[in-house]
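Structure, as structure tokens:
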Amino acid sequence: MLDIKWIRENPNALVDALKKRSWSEAEARSTTDDLIARDEARRAHVLKLQHAQERRNAASKEIGKAMAARDMALAEKLKAEVGDIKSFIQDGEAEARRLDRAFTDALAVIPNLPLDNVPAGKDENDNVELRKVGKVSPPANWAREHFDIGEELGLMDFERAARLSGSRFTVLRGQLARLERALGQFMLDLHTTEHGYTEVQVPLLVRDDALFGTGNLPKFEEDLFFVPHGESRLGLIPTSEVPLTNLVREEITAHEKLPLRFTALTPCFRSEAGSAGRDTRGMLRQHQFYKVEMVSITDADSSVAEHERMTACAEEVLKRLDLPFRTVVLCTGDMGFGARRTHDIEVWLPGQKTYREISSCSVCGDFQARRMNARYRDKDGKGNLFVHTLNGSGVAVGRALIAVMENYQNEDGSITVPDVLRPYMGGLERIEVK
RNA sequence: GGAGAAGUGGCAGAGUGGUUGAAUGCACCGCACUCGAAAUGCGGCAUGGGUGCAAGCCCAUCGGGGGUUCGAAUCCCUCCUUCUCCGCCA
């Protein structure tokens, strides 16, 4: 959520920012004007209401004094007077709530402002490569995609998964199931022992409020799964960014405690409503997948540096696994709703002969903090400021499994186990057809 | 699932209809005393919003939301959370 005071003072800057996010000039302008109009209506109304409340409060105090002085005639006279204001105040409070709600609803669907150093662009074709790491060997003519490798090994089963749950689910068995578990453990251990993140076990079902806090609601409800819960519902987390970030919601964190760095290995659930027909084969795009997530909570001055640090932590996972990758900055048009700047890490898939996203690290500034009311007490103890939040995959476990399978495949159909994973695999060196 | 109790400022803890945004203690900040520290004394110390050049003034907030009343931390409804007992259960 953006700061309405800032919008009031910089309406043209908001229009420019929205245009950078591929909004049309007309839409950006009318949305901005609408926000400002709603804000003004709200404030004008509050002013009138507060004057009425002021008169009521003063009169009520006088009534108290009159009654203490046993001057019942004066008390009754004042009561009659305040009685008239009362209905105005009651209607006024209801109207204030209505105007406030309408204003917040409008503000809640405005995306975050891109940082100045984010390249302008329309879609993923305008993203800018920052670096390429690792050697991409010329694709062998026998290189295959992960689903062929997995099915031939008899360890990856889409048919039965579909019978259980439909499309976009996968059953893994034996050493392949273990390999995925090994990947998750390896990543978690790396971040907790070397990168300073605290491991957290979080709920996988969360309230709407939490989803609003991270920006998944109200705009992206169709991407989420919900389960009924009493009269209400709970959402399945699309990423542990949601519970990890909301850990500081409605709190004032002491400045000395920042930065907070959290990591978690959790399943993630996504309806993939808008991606029918995309990546239908294999386990690249699933309704359910494991991911190791990193979340940092920082003060206002440290978030940009923390973003570089977090990106490096994610890259380190791929370096240790010896997987070739490249890191790109998303252009303004390709960035997510809550992000100010996003680095995507794309891993090389020899079977697909292309780079595919395996991590996405974003700095959100105070955008999510406003939605969560997450603050910290300033160094000098003066004011309470909104924290800055960052999140990044460190990395997607399901996709890491795919990357390992494709990059470590052998011509005979076996998969070499990467060195760093062998301790997690009981020393196993190769996964092969039995 | 059934029965009961409770949610007040950073923390502890008063307050059951009228200058109570809230006693008191602790913590914290400033000053005094001291060579320095401790102890002691004095003063300060909630958040959000509106308005104003500013000093300030005003409004709201005692778990959230709604209501009763001239007036609500205090009464009513509802939701959330925590705790205790019973039942069930991984």
Side-chain angles (χ1 to χ4, degrees), chain A residues 1-9 35-105 107-108 201-213 217 227-235 243 246-258 260 366 369-387:
Chain A
M1 203 130 74
L2 297 175
D3 181 4
I4 184 58
K5 285 183 187 164
W6 179 86
I7 295 176
R8 284 207 287 264
E9 286 157 21
L35 271 177
I36 290 172
R38 283 179 195 280
D39 176 49
E40 272 170 14
R42 173 178 136 267
R43 282 188 300 147
H45 183 263
V46 161
L47 198 59
K48 273 193 290 181
L49 177 63
Q50 289 189 352
H51 283 313
Q53 287 170 324
E54 187 179 348
R55 270 187 292 154
R56 179 202 60 192
N57 290 349
S60 290
K61 277 183 185 173
E62 282 181 49
I63 291 170
K65 277 195 237 170
M67 288 177 71
R70 309 236 175 258
D71 187 347
M72 292 309 166
L74 178 60
E76 287 307 318
K77 196 185 140 216
L78 286 165
K79 275 192 196 180
E81 187 190 319
V82 182
D84 294 338
I85 309 174
K86 193 187 165 186
S87 67
F88 175 83
I89 289 178
Q90 280 188 328
D91 294 348
E93 284 176 341
E95 175 71 358
R97 282 194 292 273
R98 201 184 63 74
L99 290 171
D100 225 61
R101 181 74 175 262
F103 166 72
T104 308
D105 287 351
L107 189 59
Q201 279 285 4
V202 290
L204 308 180
L205 298 170
V206 295
R207 295 175 193 256
D208 280 17
D209 285 346
L211 290 159
F212 179 88
L217 285 178
V227 296
H229 181 59
E231 304 287 291
S232 179
R233 66 177 184 179
L234 288 170
N246 277 281
L247 243 28
V248 295
R249 68 174 292 120
E250 293 161 67
E251 282 197 49
I252 301 170
T253 308
H255 187 268
E256 316 81 87
K257 290 196 175 164
L258 301 178
L260 293 168
D366 63 8
R370 283 179 196 285
R371 302 171 79 99
M372 299 187 297
N373 194 22
R375 296 170 295 170
Y376 68 98
R377 207 177 307 285
D378 195 19
K379 282 193 270 294
D380 29 345
K382 289 266 162 53
N384 295 325
L385 304 172
F386 288 110
V387 297

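Just so we're on the same page: letters track the sequence lines, and every chain starts at 1.
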Checklist entry - To the nearest Å, how far apart are A:Asp3 CG and B:rG48 P? => result 12 Å
Item to check | Distance in angstrom units between A:Ile85 CD1 and B:rC59 P, rounded | outcome: 12 Å
Checklist entry - Counting only non-hydrogen atoms, which of residues 39-55 of chain A are less than 4.0 Å from RNA chain B? => result A:Arg43, A:Leu47, A:Gln50, A:Gln53, A:Glu54
Checklist entry - After noting the C-alpha distance and the side-chain angles of A:Glu76 and A:Lys79, does the key distance pass the salt bridge (charged side-chain N to carboxylate O under 4.0 Å, His left out) rule? => result CA-CA 5 Å; A:Glu76 287 307 318; A:Lys79 275 192 196 180; 3.7 Å; yes
Item to check | Separation of the P atoms in B:rA14 and B:rA23, to the nearest angstrom | outcome: 14 Å
Checklist entry - Any side-chain N or O of A:Arg8 under 4.0 Å from OP1/OP2 of B:rG50? => result yes
Item to check | Span that lies between the C1' atom of B:rC29 and that of B:rG50, in whole angstrom | outcome: 29 Å
Item to check | Given RNA chain B, 5'-ward residue of the pair A:Lys61 and A:Ala94, judged by closest heavy atom | outcome: A:Lys61
Next on the checklist: Suppose you measure atom P in B:rU68 against the same atom in B:rC53; what distance do you get, rounded to whole Å?
Outcome noted: 38 Å
Item to check | Within 45° cone of A:Phe103 ring axis and under 6.0 Å: A:Arg38 NZ or CZ | outcome: no
Item to check | Nearest-angstrom distance, C1' atom, B:rA3 to B:rG71 | outcome: 37 Å
Checklist entry - What's the spacing between A:Leu49 CG and A:Glu93 CD if we round to 0.5 Å? => result 6.0 Å
Checklist entry - Would you call A:Lys65 and A:Glu62 a salt bridge, taking side-chain N to carboxylate O under 4.0 Å as the test? => result no
Next on the checklist: Using OP1 and OP2 only, check whether a side-chain N or O of A:Arg207 sits under 4.0 Å from B:rU81.
Outcome noted: yes
Checklist entry - For atom P, what is the distance between B:rC11 and B:rG64, given to the nearest Å? => result 14 Å
Checklist outcome for this item: Of B:rC70, B:rU68, B:rG18, the nucleotide closest to the side chain of A:Gln90 is B:rU68
Item to check | For atom CE of A:Met372 and atom P of B:rG64, their distance in whole Å | outcome: 20 Å
Item to check | Inter-nucleotide C1' distance (B:rG48, B:rG9), Å rounded | outcome: 14 Å
Checklist outcome for this item: From CD of A:Glu76 across to P of B:rC70 the rounded distance in Å is 10 Å
Next on the checklist: Is A:Asn57 close enough to B:rC59 that one of its side-chain N or O atoms is under 4.0 Å from OP1 or OP2 there?
Outcome noted: yes
Item to check | Any side-chain heavy-atom pair of A:Val206 and A:Leu234 under 4.5 Å | outcome: no
Item to check | Separation between CE of A:Met67 and CG of A:Leu78, rounded to the nearest 0.5 Å | outcome: 11.5 Å
Checklist entry - Got a salt bridge between A:Arg42 and A:Asp39, using NZ or NE/NH1/NH2 to carboxylate O under 4.0 Å? => result yes
Next on the checklist: Less than 4.5 Å apart, side chain to side chain, heavy atoms only: is that true for A:Tyr376 and A:Ile252?
Outcome noted: no
Checklist entry - Looking at A:Lys86, does any N or O in its side chain come under 4.0 Å of the phosphate oxygens OP1/OP2 on B:rC70? => result yes
Item to check | P atoms of B:rG43 and B:rG36, separation to the nearest Å | outcome: 24 Å
Checklist entry - Do A:Asn373 side-chain atoms and A:Glu250 backbone N/O form a donor-acceptor pair below 3.5 Å? => result no
Next on the checklist: Between A:Leu107 and A:Ile7, is there a side-chain heavy-atom distance shorter than 4.5 Å?
Outcome noted: yes
Item to check | Whole-Å gap separating C1' (B:rG65) and CZ (A:Arg98) | outcome: 19 Å
Checklist outcome for this item: Dot-bracket assigned to RNA chain B with the 3.5 Å Watson-Crick/G-U criterion, [ ] for crossing and | for other-strand pairs, is ((((((((.[[[..)..(.....]]].(((((.......))))).((((((....)))))).[[[[[..)....]]]]])))))))....
Checklist entry - Can you tell me how far P of B:rG7 sits from CD of A:Glu250, to the nearest Å? => result 20 Å
Item to check | Whole-Å C1' distance, B:rG25 and B:rC31 | outcome: 22 Å
Checklist entry - What is the distance from CG of A:Asp208 to C1' of B:rG64, rounded to the nearest Å? => result 16 Å
Item to check | A:Arg375 side chain near B:rG48 phosphate (N/O to OP1/OP2, under 4.0 Å) | outcome: yes
Checklist outcome for this item: Atom NZ of A:Lys65 and atom C1' of B:rG17 are separated, to the nearest Å, by 18 Å
Checklist entry - Under 4.0 Å between a Lys/Arg side-chain N and an Asp/Glu carboxylate O for A:Arg233 and A:Asp208? => result yes
Item to check | Presence of A:Arg97 side-chain N/O under 4.0 Å of B:rG66 phosphate oxygens OP1/OP2 | outcome: yes
Checklist entry - Which part of the nucleic acid, if any, lies within reach of A:Glu93 when heavy atoms closer than 4.0 Å are counted: base, sugar-phosphate only, or nothing? => result nothing
